[in-house]
Amino acid sequence: MNLITRLFSWIEWPAFYSGIWPNVVTFNMMVDGACKMGDMDLALKLVRKMEIMSGGSSKPNSVTYNSLIDGFCKTGGITVAEELRNEMMKIDIEPNVRTYATMIEGYSRAGCLEEALRLCDEMVERGLLPNSVVYNSIMHWLYMEGDVDGASLVFTDMSDKQIPLDKFTCSILTRGLCRNGYITEALKFLNQSLENNLIEDAFSHNILINFLCKSNKFAAARQLLARMYLRGLVPDVVTFGTLIDGHCKEGNIESAVQVYDTMVKGEEKPNLLIYNSIINGLCKDGLVDVARSLVDVLQRMGFVDTITYNTLINGYINCGKFDKAFKLPTLMQNAGIFASSATYNTLIKFLCKFGCVQEAKELMTMMVLWGVLPDSITYRTLFTNIDKNCSAEEVIELHDYMVLKGVVPDKLTYENIVSPLLQEESATS
DNA sequence: CGATAATGGT
């Protein structure tokens with residue numbers, strides 16, 4: 001019996017024991033919980049049995065169906081979702097705006113924007129008015145497809161129909177414009193939204209600051225931060241984290257630390273992500289020893305994770321301090337931090353790069369012994385570096401070993417390197 | 001009364 005079934009197994013018992021009968025809302029909460037966990041079998045089972053389990057007092061309603069439909073859409077079962085929509089109509093539960101919004105998002109996510117747009121028309125025909133959620137979804141997926149003009153048209157339509165814009169609309173437009181290269185337009189739109197008092201949190205600004213950093217426009221990014229203060233918008237950890245990471249990637253530790261100071265002077269507490277960014281920045285800047293001191297301090301504060309150490313390992317390797325890099329897995333274990341596959345992948349890649357493929361293979365078997373599963377990256381690293389005059393049997397043996405340990409092979413590597421050898425092998429034997 | 005839909009940073 002799996003955990004989720006176990007958690008809900010009390011439902012099978014007579015409710016007399018507690019003296020409280022579950023009603024539709026109780027069931028809907030459980031159905032939605034199951035859907036959110038992706039356990040659609042359980043969700044469906046609950047819905048099919050709720051009438052009997054409740055002694056005939058509870059029947060699925062539109063909320064039940066909307067939850068189910070959303071669950072199926074999110075787990076790739078758009079066909080089942082469509083069947084459920086038909087089913088609810090058959091038992092006289094009218095699909096409402098939420099039902100359509102959920103289906104429209106589902107079809108868009110599945111890459112069927114055409115069908116999503118058809119559903120928009122259909123809901124209007126049935127007398128339902130698409131709300132901002134529906135418009136936001138459609139615009140988001142048009143932008144994802146790169147259809148900036150289409151999204152603009154939908155936005156105009158939304159304004160014409162006087163559907164209120166919300167903070168979601170703002171962030172979707174900001175991100176959509178940015179990701180399609182319209183940074184100036186995004187900035188213009190953000191200013192306009194500020195004028196209309198549509199912006200209540202740092203969300204949209206964070207998106208724009210992120211894109212400005214990614215396009216190396218740090219002055220503009222910093223200016224935007226300054227403007228947030230002017231407009232009374234409170235920057236959050238994400239705002240600072242984005243700027244700090246941007247500066248670190250740029251190799252400008254000084255600016256990163258300046259932003260850090262600004263953040264600490266405000267009431268915002270730095271999080272682990274921010275420290276990891278700084279550690280990465282210090283390494284990139286050649287200041288690995290400073291990075292190491294920072295990690296030591298953070299470790300004493302209990303403020304480190306796997307990524308902290310992985311970043312430092314990368315830093316040591318990039319500056320040639322290999323012995324220090326290889327000592328880190330033990331150190332992190334002492335600090336109670338579990339090494340990840342990425343920890344060993346970094347070291348394995350280094351060994352391969354310097355022709356020590358045998359040692360790399362040994363490290364891979366060691367990580368298995370230490371309870372860390374190799375992944376498709378480990379697989380790719382080993383096979384793309386494997387000795388050219390290594391025998392086919394050896395390659396296949398390594399492949400079999402890794403697959404047996406639960407590794408899902410990297411598709412391209414398998415097709416190009418391992419699979420040809422397998423055929424060769426079967427041809428000769 | 002209570003339960004359901006869309007957005008961000010290593």
Side-chain angles (χ1 to χ4, degrees), chain A residues 22-36 43 46-47 50 58 60-74 81 84 88 93 95-109 116 119 123 130-141 143-144 165-176 178-179 199 201-214 221 235-249 256 259 270-281 283-284 305-308 310-311 314 342:
Chain A
N23 64 7
V24 202
V25 177
T26 324
F27 278 105
N28 285 347
M29 283 160 75
M30 291 190 294
V31 170
D32 192 56
C35 289
K36 292 262 152 67
L46 277 166
V47 174
M50 75 188 264
S58 299
N61 61 13
S62 59
V63 176
T64 323
Y65 275 95
N66 287 349
S67 287
L68 268 185
I69 288 172
D70 186 49
F72 277 108
C73 284
K74 293 216 167 92
L84 284 164
M88 68 191 283
I93 303 170
N96 56 23
V97 178
R98 274 184 196 248
T99 320
Y100 276 97
T102 307
M103 293 287 310
I104 287 165
E105 173 69 19
Y107 273 117
S108 305
R109 191 194 299 269
L119 277 182
M123 70 185 288
N131 61 10
S132 33
V133 178
V134 175
Y135 276 98
N136 290 347
S137 265
I138 293 287
M139 287 189 294
H140 173 246
W141 288 101
Y143 278 125
M144 293 292 275
L165 313 189
D166 56 20
K167 56 178 181 174
F168 288 92
T169 321
C170 294
S171 51
I172 287 169
L173 258 82
T174 309
R175 192 161 129 81
C178 283
R179 74 151 57 224
I199 303 216
D201 59 19
F203 220 109
S204 296
H205 281 77
N206 292 348
I207 297 169
L208 193 47
I209 288 174
N210 181 32
F211 273 89
L212 286 170
C213 286
K214 293 266 148 67
D236 59 16
V237 241
V238 179
T239 321
F240 293 115
T242 308
L243 269 166
I244 290 170
D245 192 58
H247 281 309
C248 285
K249 291 242 163 68
V259 177
N271 61 17
L272 200 43
L273 225 78
I274 287 174
Y275 285 118
N276 288 344
S277 283
I278 294 177
I279 290 162
N280 189 34
C283 291
K284 285 241 153 62
D305 64 2
T306 316
I307 294 168
T308 315
N310 291 353
T311 310
N314 243 313

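Letters A, B, ... are given to chains in the order of the sequence lines, protein chains preceding strands, and every chain is numbered from 1.
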Legend entry - Letter per nucleotide, 5' to 3', of nucleotides 3-10 of chain B [B base touched, S only sugar-phosphate touched, - untouched; heavy atoms, 4.0 Å]: BBBBBBBB

Inset, instruction - Sequence neighbours left out, what pairs pass salt bridge (charged side-chain N to carboxylate O under 4.0 Å, His left out) with at least one residue falling in residues 99-109 of chain A? - result: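 Matches after skipping sequence neighbours: A:E105-A:R109.
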
Legend entry - Those residues that, when tested against A:D166, pass side-chain hydrogen bond (donor to acceptor under 3.5 Å, both in side chains) (two or more places apart): A:N136, A:T169

Inset, instruction - Under the side-chain contact (heavy atoms from CB on, under 4.5 Å) rule, collect the residues that match up with A:N28, sequence neighbours excluded. - result: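 Counting only residues at least two positions away or on another chain, A:N28 forms a side-chain contact (heavy atoms from CB on, under 4.5 Å) with A:V24, A:N61, A:V63, A:T64.
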
Legend entry - Partner set under side-chain contact (heavy atoms from CB on, under 4.5 Å) for A:T311, not counting sequence neighbours: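 Expected list: A:I279, A:N280, A:I307.
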
Legend entry - Partner set under ring-ring contact (aromatic ring centres under 6.0 Å, His included) for A:H205, not counting sequence neighbours: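 With neighbours one apart ignored, the set is empty.
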
